[in-house]
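Right, one structure below, let's go through it.
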Amino acid sequence: MENEKVMMQRHTMSHVLAAAIKALYGDDVLFGIGPAIDNGFYYDFDMEKVLTPDDFPAIEEKMKEILSENLDMVRKELSKEEALEMFKDQKYKVELINDLPAGETISVYYLGDRFCDLCRGPHIENTKFLRGFAYKINRVSGAYWRGNEKNKMMQRIYVYGFADKNELKECIRLAEEAKLRDHNKLGRDLGYFTTVDYIGQGLPILLPKGSRVIQLLQRWVEDVEFKKGCILTKTPLLAKRELYKISGHWDHYLDGMFVLGDPDDETKECFALRPMTCPFQYQVYLNKPHSYRELPMRLTETSTLFRNEDSGEMHGLIRVRQFTISEGHYILRPDQLEAEFKGCLELAKYFLGTVGLLDKCTFRFSQWDPENKNNKYEGTKEQWEVAQATMKKILDDLNVTYDIGIDEAAFYGPKLDIQYKNVYGKEDTLVTIQIDMLLAERYGMYYVDSDGEKKLPYILHRTSLGCYERTLAYLIEEYAGAFPTWLAPTQVKILSISEKFEGYAKEVEQKLFEAGIRVENDERNEKIGYKLRQAITEKVPYALIIGEQEESSGTVSVRNRGSKDTRVMTVDDLIKEILDKVATKVRD
RNA sequence: GCUGCUAUGGCUCAGUCGGUAGAGCACGUCCUUGGUAAGGACGAGGUCACCAGUUCAAGUCUGGUUAGCAGCUCCA
């Protein structure tokens with residue numbers, strides 16, 4: 001297969017890179033691993049010299065030199081003892097050799113006499129076959145040995161690599177283009193959000209535009225949820241440590257919580273900001289006894305949460321320490337689980353589809369780790385197997401295509417996570433639907449069934465549009481800042497030809513304003529072309545040009561974003577057109 | 001949290017060998033009274049992220065802190 005061939009070329013190139021590093025920086029370099037990846041390859045090194053982009057040209061030059069030597073890639077198989085002897089000065093290789101399963105063939109590859117690496121292969125037979133291979137060093141960064149943060153951090157050199165130089169060019173071009181959509185840049189430039197040193201990491205300020213978009217989303221989500229039979233709650237943003245002890249969060253997630261007071265001093269009150277809404281919303285259920293007739297009880301809340309993420313984890317609006325989420329907890333009878341799960345999934349798909357993000361979403365069935373290292377998960381193996389089997393059946397019944405994520409579950413149950421990738425390809429969870437068969441018991445939540453017995457309900461934890469900050473970030477990236485009319489913070493910008501027409505401009509502004517349209521009037525004494533350019537830069541969907549012709553005929557000249565044509569129409573027709581777009585939430 | 005990089009007006013960036021700051025855009029005022037992607041003049045705006053240190057002298061050198069970026073790790 002073509003793809004396999006490219007991956008083999010990339011893999012061989014990683015040996016060439018290692019050989020170049022060896023040639024340039026000597027024999028005391030410790031070598032890690034060097035696999036092929038999607039857009040090229042990387043190699044991990046442990047060395048004194050700290051690499052910077054200034055070193056890239058020399059490394060690329062050395063790689064070119066090695067490639068020009070037409071070296072054979074020669075495979076040799078060794079016994080474990082021979083391999084250990086050969087790599088006795090390479091501690092990472094020794095570790096890899098010792099971890100190989102007994103009986104596994106150990107092979108090494110010689111790149112001429114330049115470099116010899118422990119490697120399973122296969123490889124391109126001779127570097128002359130890599131002559132047309134196009135590559136460019138992308139970046140160098142830190143990476144833990146074997147991906148474990150307890151291990152030493154090595155230097156990882158990422159290289160773009162393709163069989164064809166046009167593919168390489170295209171890859172670099174796409175990366176450059178992606179940068180232009182980056183919400184963390186664009187969102188700041190366009191005035192959606194900002195950050196302030198002395199407020200702190202992960203605590204963005206939503207500026208008027210960002211606030212407006214989130215308000216629009218939030219009102220819409222709350223209205224739809226109401227129509228779906230959800231019950232609104234408003235619960236506190238913090239609680240005493242005792243609440244989190246019941247829920248299990250104190251034991252499982254203390255490090256991730258903002259604690260007010262000394263968590264270890266049991267003689268004093270200690271509060272913590274909420275990292276989730278579950279235990280708060282359960283109190284609504286616990287307020288009084290419930291009959292089976294009352295279920296499902298769909299509790300929802302637009303809920304602000306606080307999570308003390310590690311300092312290096314924050315990213316724009318995607319990973320923050322305070323965020324607001326449309327969080328729901330559905331208390332149900334076991335026989336209602338499938339139907340309610342389906343309802344949650346449909347709701348999420350409706351929201352994501354309408355805002356235009358669903359097409360790029362993937363679904364992940366997040367399961368526990370059966371080994372349950374570090375006691376991360378509550379409950380018994382049997383309980384987990386039941387919960388996961390139930391979820392699998394539901395997903396299969398609903399024809400959901402999903403990946404499985406082992407050790408990605410919540411501590412109380414399996415999840416369906418709806419994932420989205422940012423412009424750099426980094427994936428995060430947008431929406432989650434979780435089955436919880438454990439927590440009701442911890443809280444003593446029961447219902448009285450038709451037979452008069454007290455029974456434990458199941459709980460569905462779910463978000464409907466996920467975290468508003470994160471969703472806003474993805475929307476900025478998806479639309480490159482040019483929001484569809486129904487979501488645009490400013491829908492219309494009025495540009496008058498001169499002061500003489502400001503009276504009429506104001507009249508039009510007022511009419512649009514009264515129709516509920518988000519309108520701005522650019523009153524500066526600038527030429528129309530200049531004002532228009534500003535409107536385009538701000539990515540406003542509608543620019544209205546107003547002058548003598550418009551005033552005398554009671555019309556406006558409409559220039560839509562992305563179009564060079566102008567339409568002359570009455571203000572009423574314009575209002576109708578915009579309100580129609582808002583009502584149907586079209587992607588325009 | 002880890003590795004590396006970065007920090008000069010709202011934005012993009014100059015600032016040489018250490019001698020207390022500059023441009024363009026944006027903003028304000030005025031002129032221009034205009035027709036579809038930059039009309040003109042003038043003006044205001046900076047404790048050079050913060051705190052120490054070295055020095056006669058620090059935007060510039062050193063250390064620390066904070067924040068931003070990329071990646072790793074983590075993510076209820």
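Each chain gets a letter, A, B and so on, in the order the sequences are listed, and its residues count up from 1. For the numbers below, each heavy atom of this structure counts, side chains included, while hydrogens, waters and symmetry mates do not.
Nucleic acid contact class of A/His252 (heavy atoms, under 4.0 Å, all strands): none. Counting any heavy atom pair closer than 4.0 Å across all strands shown, A/Tyr253 reaches a base atom. Within the 4.0 angstrom heavy-atom criterion, only backbone atoms of the sugar-phosphate kind lie near A/Lys415; the bases stay farther away. Within 4.0 Å of A/Gly147, counting heavy atoms only, lie sugar-phosphate atoms of the nucleic acid but no base atom. The residue A/Ile528 sits close only to the backbone: its heavy atoms come under 4.0 Å of sugar-phosphate atoms, none of a base. Residue-level contact check: A/Gln155 touches neither bases nor backbone, having no heavy atom under 4.0 Å from any strand. Backbone-only engagement by A/Lys185 is indicated by non-hydrogen atom pairs under 4.0 Å involving sugar-phosphate atoms exclusively.
Summarising the geometry, the separation between CG on A/Asn308 and C1' on B/C75 is reported as 12 Å, rounded to the nearest angstrom.
Side-chain contact check for A/Tyr144 and A/Arg146: no donor-acceptor pair (N or O, by modelled atom type) lies under 3.5 Å.
Figure legend: cation-pi geometry between A/Arg559 and A/Tyr542 absent, as NZ or CZ is not positioned both under 6.0 Å from the six-membered ring centre and within 45° of its axis.
The nucleotide whose nearest atom lies closest to any side-chain atom of A/Gln201 is, among B/G39, B/G68, B/U73, B/G68.
One can find a donor-acceptor pair under 3.5 Å joining the base of B/C74 and the side-chain atoms of A/Arg319. No donor-acceptor contact under 3.5 Å links the side chain of A/Glu526 to the base of B/G40.
Of the inter-residue distances, the one linking A/Phe45 atom CZ with A/Phe31 atom CZ reads 6.0 Å to the nearest 0.5 angstrom.
Aromatic ring orientation, A/Trp250 versus A/Tyr244: parallel (interplanar angle below 30°, classes split at 30° and 60°).
In this model, the phosphate group of B/G10 is not approached by any side-chain N or O of A/Arg188 to a distance below 4.0 Å at OP1 or OP2.
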